[in-house]
Amino acid sequence: METTLIILKPDAVQRGLVGRILTRFEEKGLQVVGMKLTQIPRATAEKHYAPHAGKPFYDGLLRFMTSSPVVVLAVQGVGAIAIARNLMGATFGSKAAPGTIRGDFGVSNAFNLIHGSDSPEAAAKELALFFAPGELVEWPRLIEGWVYDLSSGTRE
Ligand code: IDP
Ligand code: MG
């Protein structure tokens with residue numbers, strides 16, 4: 001099982017798309033184990049986007065991400081990191097395929113609605129940055145046996 005960090009960015013919140021985007025993850029069968037509305041402090045945004053420091057879009061990205069509230073999600077499932085990235089679509093709204101979140105809801109390359117961790121290492125780091133210990137809730141999902149085939153003792 002993997003848990004990945006998803007951020008519904010300020011444009012998603014301002015445009016009233018939180019419910020529709022969250023629905024994509026729920027419909028897919030991923031399980032929400034953490035969720036909160038928050039305005040990201042500058043220092044947190046700097047840590048989160050440290051790998052992009054120095055790039056031409058970095059300052060604008062930090063201004064955007066701290067300008068207005070976001071919804072931060074922790075989402076769990078087998079292979080959740082790659083599944084979430086596929087649901088999100090390509091980075092630029094102008095290029096993302098129809099059927100993906102970025103492809104269906106946006107045209108901008110900067111305001112692209114959503115962040116998702118891109119590796120297990122990034123997920124661990126980003127989850128710790130946005131959720132305090134105890135804010136993630138491990139809850140048994142009663143429909144688990146219909147989301148996955150559990151007959152072999154693992155989630156197939
Ligand atoms: P990702 O969000 O798909 O992983 P990254 O390359 O990690 O894409 O870039 C992080 C974020 O920085 C993007 O989601 C987008 O908001 C912004 N960004 C990336 N490249 C550009 C650009 O060329 N112009 C404007 N914003 C960009
Ligand atoms: Mg990235």
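Residue numbers run from 1 in the order of the sequence given. Order of appearance sets the numbers: ligands from 1, and atoms from 1 within every ligand.
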- Which pairs, with at least one residue in residues 117-131 and sequence neighbours excluded, count as a salt bridge (charged side-chain N to carboxylate O under 4.0 Å, His left out)?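 Residue pairs passing salt bridge (charged side-chain N to carboxylate O under 4.0 Å, His left out), neighbours aside: none found.
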Evaluating non-hydrogen atoms only, which member of [options] is closest to [atom]?
| atom | options | result |
| --- | --- | --- |
| atom 15 (C) of ligand 1 | D11, D118, N112, L113 | N112 |
| atom 19 (C) of ligand 1 | F111, Y58, F57, F64 | F57 |
| atom 2 (O) of ligand 1 | M88, H115, R102 | R102 |

- Under the 6.0 Å and 45° cation-pi test, does K36 pair with F131?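 Judged by the rule, K36 and F131 form a cation-pi pair.
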- Message: If you take the centroid of each ring, where Trp contributes its six-membered ring, are F111 and F64 closer together than 6.0 Å?
- Response: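 Close enough - the centres of the two rings lie under 6.0 Å apart.
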- Please name all residues satisfying side chain to side chain contact (heavy atoms under 4.5 Å, CB included) with V107, sequence neighbours left out, ordered by chain then number. none
- Message: Would Y49 count as being in polar contact with ligand 1, using the rule that some N or O on each side must be under 3.5 angstrom apart?
- Response: no
- Message: Below 3.5 Å, N or O to N or O, backbone or side chain included: is there any such pair between F92 and ligand 1?
- Response: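 Among all N and O atoms of F92, none is under 3.5 Å from an N or O of ligand 1.
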Top protein contact for [atom], by heavy-atom distance:
| atom | result |
| --- | --- |
| atom 7 (O) of ligand 1 | H52 NE2, 2.8 Å |
| atom 4 (O) of ligand 1 | R85 NH1, 2.9 Å |
| atom 1 (P) of ligand 1 | T91 OG1, 3.6 Å |

- Identify whether the distance between the nearest side-chain nitrogen and carboxylate oxygen of E27 and R24 falls below 4.0 Å. no
- Criterion side chain to side chain donor-acceptor pair (under 3.5 Å) against Q76, the qualifying member of E2, R141, E138: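 Single side chain to side chain donor-acceptor pair (under 3.5 Å) partner of Q76 among E2, R141, E138: E138.
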- Taking R102 for its side chain and I114 for its backbone only, find out whether a donor-acceptor pair lies under 3.5 Å. yes
- Message: Under 4.0 Å, heavy-atom basis, I'd like to know which part of M65 is in contact with ligand 1: side chain, backbone, both or neither.
- Response: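 For M65, no heavy atom sits under 4.0 Å from ligand 1.
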